[in-house]
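These notes concern the structure reproduced below.
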Protein chains: 2
Amino acid sequence: MSKTFKPTESELDILSILWEKQRATVRDVHEIIQLTKEVGYTTTLKLMQIMHEKGLVSRDESSKTHIYIPCFEKEKAQEQYVGKMIKTLFSGSTSQLVMQALGHHHANQEDLLAIKQLIATLEKRK
Amino acid sequence: MSKTFKPTESELDILSILWEKQRATVRDVHEIIQLTKEVGYTTTLKLMQIMHEKGLVSRDESSKTHIYIPCFEKEKAQEQYVGKMIKTLFSGSTSQLVMQALGHHHANQEDLLAIKQLIATLEKRK
DNA sequence: GATTGCTTACGAATATAATCGTAATACAAT
DNA sequence: ATTGTATTACGATTATATTCGTAAGCAATC
């Protein structure tokens, strides 16, 4: 029964900030957005208001300056996007995605160790 | 000088079919799209025409029924989307993406072996 | 050569997303 | 109280994406 959740590009950018900070005001969010994008304050405000209408975020209105909180877990978004990506960009092959990621983006020794351990677990569980 | 390439959702669906088949007519593509989506033939046609205008695909017009060919490599799209995803959904952590993928999507023994080998290479190259 | 069926071209309508200006409101400082 | 500043609300505009109807071309078949 979980609704298909499908934020737009801009909404996802905002969500990613909210997941990071847990809770934030429009200004908090806007200041971060502004680092990478030339955009007015009211634009960010409006986007967050729309996200509120859609139920993507909730907000604490007890003080004048509202505080926004994401309405669902980052993990849910991760699952959805990773799945879609494996399907449309990697012909359904998980390992191709994994290898693309490892091949093109840095992972340190510790990270690699953790991955090896996960693989070991998966192999045992066969 | 490579332009930022940014296909829409629908365009990406079409591209993914073209990458799979290498070359295809509008009808070929439409028949596959139709399996998952209720949409008219001319809609698919129009989308592909627009993609042609944008330079996302080229086409062979020598016979009446045009044959479409993707204009750039799947790998380029993979790189771009994986990068964006690591950034917005995994706080910049490649290994988190990798572990999410391996944890939630099936990979067989052979796949896992290939990944282990890649990791070994990366470790050596330290 | 008329009819049928499949094709492309094209314009228009509709839907969705993103942007911002302006006004109203609250609150703090003078 | 008045002024200044930051906030929200809201409407309007613009941009972009999606959808499809209709017409025109072409080739095979009747």
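Within every chain, numbering begins at 1; the chains are lettered A, B, ... in the order of the sequence lines, protein sequences first and strands thereafter. Heavy-atom basis, side chains included; hydrogens, waters and symmetry copies ignored.
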Sequence neighbours excluded - salt bridge (charged side-chain N to carboxylate O under 4.0 Å, His left out) pairs with any residue from residues 23-40 of chain A: none
Atom CD of Glu110(B): over 12 foreign heavy atoms under 6.0 Å: no
Please determine whether the number of non-hydrogen atoms from other residues, nucleotides or ligands lying under 6.0 Å from atom NZ of Lys21(B) exceeds 12. no
How long is the gap from CG on Leu12(A) to CG on Leu89(B), to the nearest 0.5 Å? 5.0 Å
From Thr88(B) OG1 over to Lys74(A) NZ, what is the distance, rounded to the nearest 0.5 angstrom? 9.0 Å
One thing to verify: whether Asp13(A) and Lys84(B) come together as a salt bridge, which I'm taking to mean a side-chain N less than 4.0 angstrom from a carboxylate O. yes
How would you label the contact of Gln49(B) with the nucleic acid (heavy atoms, under 4.0 Å): base, sugar-phosphate, or nothing? base
Give the minimum heavy-atom separation between Ser58(B) and Cys71(B), together with the two atoms involved. N-SG, 3.5 Å
To the side chain of Thr8(B), which of dT7(D), dT18(D), dA9(D) is closest? dT18(D)
Nearest-Å distance for atom pair [atom1]/[atom2], residues [X] and [N]:
X: His30(B); N: dT18(D); atom1: NE2; atom2: C1'; value: 14 Å
X: Leu56(B); N: dT16(D); atom1: CG; atom2: C1'; value: 14 Å
X: Met51(B); N: dA17(D); atom1: CE; atom2: P; value: 12 Å
X: Asp13(B); N: dA17(D); atom1: CG; atom2: C1'; value: 13 Å
X: Glu9(A); N: dA17(D); atom1: CD; atom2: P; value: 11 Å
X: Lys6(B); N: dT16(D); atom1: NZ; atom2: C1'; value: 10 Å

May I ask you to verify if any side-chain N or O of Arg27(A) is less than 4.0 angstrom from the OP1 or OP2 atom of dA6(D)? no
Between Arg59(A) and dA9(D), is there a side-chain N or O to OP1/OP2 distance below 4.0 Å? yes
Go through DNA chain C in 5' to 3' direction and return only the first and the last nucleotide with some atom under 4.0 Å of chain A's heavy atoms. dA17(C) to dA26(C)
Under 4.5 Å between any side-chain heavy atoms of Glu123(A) and Leu112(B), yes or no? yes
Do Val39(B) and His30(B) come close enough that some side-chain heavy atom pair is under 4.5 Å? yes
Does Thr25(A) reach the main-chain N or O of Ile67(A) with its side chain, forming a donor-acceptor pair under 3.5 Å? no
Can you tell me if Gln100(A) uses its side chain to pair, donor with acceptor, with the backbone of Val82(B) under 3.5 Å? no
Might you work through the side chain to side chain donor-acceptor pair (under 3.5 Å) test for Ser95(B) and Ser93(B), ending with a clear yes or no? CA-CA 5 Å; Ser95(B) 62; Ser93(B) 161; 3.3 Å; yes
Close N/O contacts between protein and nucleotides 1-3 of chain D (under 3.5 Å):
none

Check the pair Lys87(B), Ser16(A) against side chain to side chain donor-acceptor pair (under 3.5 Å), reporting the backbone distance first and the verdict last. CA-CA 9 Å; Lys87(B) 191 164 162 243; Ser16(A) 111; over 6 Å; no
No-H, no-angle donor-acceptor pair, Lys46(B) side chain to dG21(D) base, under 3.5 Å: no
Report the residues that fulfil ring pair (Phe, Tyr, Trp, His ring centres under 6.0 Å) with His105(B), sequence neighbours left out, ordered by chain and then residue number. none
With a 4.0 Å heavy-atom cut-off, tell me which residues in residues 33-44 of chain B come close to DNA chain D, sorted by residue number. Lys37(B), Val39(B), Gly40(B), Thr42(B), Thr43(B)
Does anything in residues 61-69 of chain A come within less than 4.0 Å of DNA chain D? Heavy atoms only, and list the residues if so. Lys64(A), Thr65(A), His66(A)
